[in-house]
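So you know, we letter chains A, B, ... as the sequences are listed, proteins then strands, and number each from 1. When reading the values below, keep in mind they use all heavy atoms of this one structure, side chains included, and skip hydrogens, waters and symmetry mates. All values derive from a computational prediction rather than experimental measurement.
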Amino acid sequence: SITEKLQGIFKNLRGQGKLTEQNIEETLKQIRASLLEADVHLEAIQKFLEKIKQKSLGKEVALSLTPGQVFIKIVQSELINILTPKDKTSTRLKFAPAPPTLILLAGLQGSGKTTTAAKLAYYYKKDGRKPGLVAADLIRPAAIEQLEVLASQIQVPIFKPAAGEKAIEVCIRAVKSALESNCNMLILDTAGRLHVDESMMSEITSIAQRVKPSNILFVADAMAGQDIVRVVTTFHNKLHLTGTILTKADSDARGGAILSITSTTELPILFVGTSEKMDGLEPFYPDRIASRILG
Amino acid sequence: VINYRTTPEIDFNKLEETLLLADISLQTTENILKTLKSRIESNSSKSNDSGFIVEQLRQILVDKLQINNQRGPLSESTIILLVGVNGVGKTTTAGKLAHQLTHQGRSVTLVAADTFRAAAEEQLTQWASRVKVDIVKGLENEAPATIIYKVLKNFSERTQTIIIDTAGRLHTRVGLMEELKKLVRVAEKMIPLTMLEKWIVLDANMGQNAIHQVEEFHQGIGLTGIVLTKVDGTAKGGIVISLADRFHIPIVYLGVGETMDDIIPFDAQEFVSALLP
Ligand SMILES: Nc1nc2c(ncn2[C@@H]2O[C@H](COP(=O)(O)OP(=O)(O)OP(=O)(O)O)[C@@H](O)[C@H]2O)c(=O)[nH]1
Ligand SMILES: Nc1nc2c(ncn2[C@@H]2O[C@H](COP(=O)(O)OP(=O)(O)OP(=O)(O)O)[C@@H](O)[C@H]2O)c(=O)[nH]1
Ligand SMILES: [Mg+2]
Ligand SMILES: [Mg+2]
């Protein structure tokens with residue numbers, strides 16, 4: 001792990017009074033290697049190392065600590081700092097002043113949107129709310145059936161497209177009839193799409209503009225690599241995302257993607273997916289994710 | 001001694017960046033650049049020729065993908081088992097592959113061995129009707145190993161191509177990996193090993209975790225191929241270069257979209273051209 005590596009590098013710096021450009025150079029290289037292995041974006045790493053350097057140069061090392069220990073603390077706290085939003089309330093869902101509260105899910109193909117939609121419904125149902133699911137993926141074979149099965153598992157109402165209805169139309173209809181269907185919250189599941197697919201990006205942008213959800217969440221796969229920053233930036237520019245959800249965090253993927261996403265967009269991370277089951281959704285804890293990114 | 005960092009036309013920092021941003025691991029990137037530098041040194045007259053340098057880099061990458069990574073054509077009767085973690089594109093690949101292999105004149109059957117995920121069978125059934133191919137589904141609560149056993153019992157006499165779609169599973173889930181190993185043991189007892197293909201499906205958007213996935217699946221069941229999907233996005237899928245280096249499992253197909261025609265046989269030259277800007 002990086003903490004072990006850092007301990008190792010700093011063994012021979014014991015007794016040195018200060019952290020200097022020379023003695024941290026090698027360590028910064030090790031951290032860069034570890035963060036690349038964790039799939040943190042190259043530019044986010046650059047930015048991170050700059051911050052670490054600033055914070056550590058010239059720092060006096062108390063006699064009770066080794067330079068390595070001081071350094072590790074700086075690295076850990078900076079990671080947690082990036083992952084923690086400035087506004088603490090932003091990690092909670094925005095509830096609409098007048099119901100229904102809307103949550104629009106967006107993301108690449110296969111990232112876990114449909115499963116997450118149902119998990120969110122289950123989570124907020126247990127929280128005493130009245131969520132409904134909207135099946136707005138008209139592209140993937142059996143996408144509607146998939147959400148239907150999950151909706152019945154958790155006993156939550158579902159709005160499915162009528163014959164010939166388009167994705168935006170089922171969303172509009174669901175919003176209009178939410179209250180009469182006893183729903184004060186709607187979670188809109190959309191088709192997976194590429195950020196570079198103009199017609200699909202325009203579809204979801206129209207949905208967002210029309211129904212004005214107070215929550216537009218990007219669903220990101222924990223095993224995503226370097227390109228995810230480009231993807232999320234595009235989604236963010238078009239949709240004005242309000243937050244992210246990290247899925248498949250139960251894998252052994254280090255999850256550096258979420259660090260890059262958060263470092264670039266400063267979007268709050270609302271939830272983490274931790275299994276395929278309906279209760280596999282947890283609120284986001286910065287320190288847990290920080291320690292797994294470090295390795 | 002050539003100082004690469006001040007060579008105006010070729011900036012090695014930029015090259016390193018390009019490779020890393022393509023999801024090529026740091027270790028693989030460093031050894032690629034080391035090989036590149038030694039080629040430039042043994043051709044010192046070309047040390048400022050950026051065209052020469054890029055061509056050498058291209059060749060290094062193509063070699064990594066091709067050497068020890070070639071595979072012959074599929075056998076006349078073949079069983080293709082598609083495995084991999086959640087959401088990578090196994091079911092969609094099964095459908096596309098069924099379409100492509102039908103067009104090659106084969107008689108293809110799809111097998112829905114994902115009995116776990118919501119509407120997984122429905123999804124493959126819709127694919128089967130789309131590409132006009134037979135599909136075998138299990139009975140209520142039937143285990144994947146049983147479904148496969150039944151399919152392979154009827155397999156022996158005809159020349160046939162069978163494509164088996166399995167449930168997404170994280171390589172870290174011991175129980176699910178055991179289920180998969182059992183599936184493969186059943187298959188290996190019933191058909192000649194030369195007919196059994198075990199392909200892992202990887203998503204081009206994935207980072208370094210792909211290495212752990214291949215490691216575990218390969219150790220568990222012995223992979224004979226890699227399918228890389230979602231290459232139509234902007235992720236480069238460079239992780240396959242590190243995989244080629246380490247595992248020598250051939251890349252068989254690329255998924256380039258969501259419709260039935262969006263699958264192409266892997267070509268190292270084209271793949272590398274798309275990777276280098
Ligand atoms: N282990 C694990 N699996 C997950 C998690 N979230 C989703 N999955 C699985 O990932 C796969 C893809 O999930 P979906 O919900 O179908 O993904 P999607 O984004 O809706 O896919 P598209 O609609 O095709 O874009 C399924 O097998 C899910 O069970 C998670 O947090 N952990
Ligand atoms: N753009 C693009 N999308 C793809 C490609 N292959 C699959 N997909 C999409 O990725 C999503 C997931 O595909 P599936 O075939 O359901 O993936 P899977 O591996 O079977 O998922 P699980 O069974 O849940 O583990 C779907 O929306 C597919 O349409 C590809 O090559 N390009
Ligand atoms: Mg979906
Ligand atoms: Mg599937």
Side-chain angles (χ1 to χ4, degrees), chain A residues 32-43 45-46 108-115 118 139-153 191-197 220-231 234 247-248 250-257 275-276, chain B residues 16-18 20-27 29-30 85-92 95 116-130 167-173 202-213 216 229-230 232-239 255 257-258:
Chain A
R32 179 179 187 259
S34 178
L35 293 181
L36 278 171
E37 194 177 43
D39 295 319
V40 180
H41 192 264
L42 201 52
E43 288 173 22
I45 295 177
Q46 244 112 284
L108 295 172
Q109 290 89 346
S111 53
K113 298 174 294 300
T114 303
T115 310
I139 303 227
R140 168 174 157 152
I144 298 168
E145 285 85 331
Q146 182 186 7
L147 194 61
E148 215 173 352
V149 169
L150 296 177
S152 94
Q153 272 177 19
R193 69 200 67 224
L194 295 179
H195 52 305
V196 291
D197 183 331
D221 196 318
M223 50 190 177
Q226 295 285 318
D227 200 57
I228 198 67
V229 168
R230 171 174 10 203
V231 174
T234 309
T247 61
K248 308 177 201 172
D250 43 322
S251 70
D252 61 356
R254 300 260 295 275
S275 85
E276 290 191 74
Chain B
E16 186 199 42
E17 223 176 78
T18 300
L20 291 174
L21 288 175
D23 286 316
I24 298 177
S25 73
L26 181 62
Q27 192 177 352
T29 295
E30 286 177 344
V85 303
N86 307 72
V88 293
K90 299 174 293 301
T91 305
T92 307
F116 170 71
R117 209 209 65 214
E121 276 188 3
E122 266 82 347
Q123 185 187 5
L124 193 64
T125 303
Q126 289 192 19
W127 267 104
S129 81
R130 211 181 252 200
R169 74 201 64 225
L170 295 181
H171 51 293
T172 47
R173 295 279 303 270
L202 300 175
D203 184 330
N205 293 296
M206 275 178 192
Q208 303 306 309
N209 193 251
I211 298 182
H212 296 275
Q213 296 174 24
E216 290 301 316
T229 62
K230 309 181 197 172
D232 47 315
T234 52
K236 301 285 187 176
I239 194 69
E258 299 187 76

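- For Asp250(A), the parts lying under 4.5 angstrom from a heavy atom of chain B are both the backbone and the side chain.
- In the displayed structure, Arg117(B) atom CZ is contacted under 6.0 Å by more than 12 heavy atoms of other residues, nucleotides or ligands.
- For Glu216(B), no part sits under 4.5 Å from any heavy atom of chain A, backbone or side chain.
- With a 4.5 Å cut-off on non-hydrogen atoms, Leu108(A) touches chain B through its side chain but not through its backbone.
- Proximity to chain A (any heavy atom under 4.5 Å) is shown, for Gln27(B), by neither the backbone nor the side chain.
- The distance from atom CG of Leu21(B) to atom CG of Leu42(A), rounded to the nearest 0.5 Å, is 5.0 Å.
- Between chain B and the residues His195(A), Lys248(A), Glu148(A), Met223(A), the most heavy-atom pairs under 4.5 angstrom are made by Met223(A).
- Of the two parts of Leu194(A), only the side chain, counted from C-beta on, holds a non-hydrogen atom closer than 4.5 Å to a non-hydrogen atom of chain B.
- One distance of note links CD of Gln153(A) with CG of Leu150(A); it measures 5.5 Å at 0.5 Å rounding.
- Heavy atoms of Glu258(B) lying under 4.5 Å from chain A belong exclusively to its side chain.
- Checked by atom type, the side-chain pair Asp252(A)/Asn209(B) shows a donor-acceptor distance below 3.5 Å.
- Note: Asp23(B) leads Asp23(B), Thr172(B), Ile239(B) in heavy-atom pairs under 4.5 Å with chain A.
- The candidate with the highest count of non-hydrogen atom pairs below 4.5 Å against chain A, out of Leu124(B), Asp232(B), Thr229(B), Ile211(B), is Asp232(B).
- For Lys236(B), the side chain to side chain contact (heavy atoms under 4.5 Å, CB included) partners two or more places apart in sequence, or in a different chain, are Ala22(B), Leu275(B).
- Only the side chain of Gln126(B) comes within contact range of chain A, with at least one heavy atom under 4.5 Å from a heavy atom of that chain.
- Of the two parts of Thr234(B), the backbone and the side chain both hold a non-hydrogen atom closer than 4.5 Å to a non-hydrogen atom of chain A.
- For Leu26(B), the part lying under 4.5 angstrom from a heavy atom of chain A is the side chain only.
- One distance of note links OG1 of Thr92(B) with CH2 of Trp127(B); it measures 6.0 Å at 0.5 Å rounding.
- Expressed to the nearest 0.5 Å, how far CG of Leu202(B) lies from NZ of Lys230(B) amounts to 11.0 Å.
- In the model, Glu276(A) has a side-chain atom that pairs as donor or acceptor with a side-chain atom of Asn86(B) under 3.5 Å.
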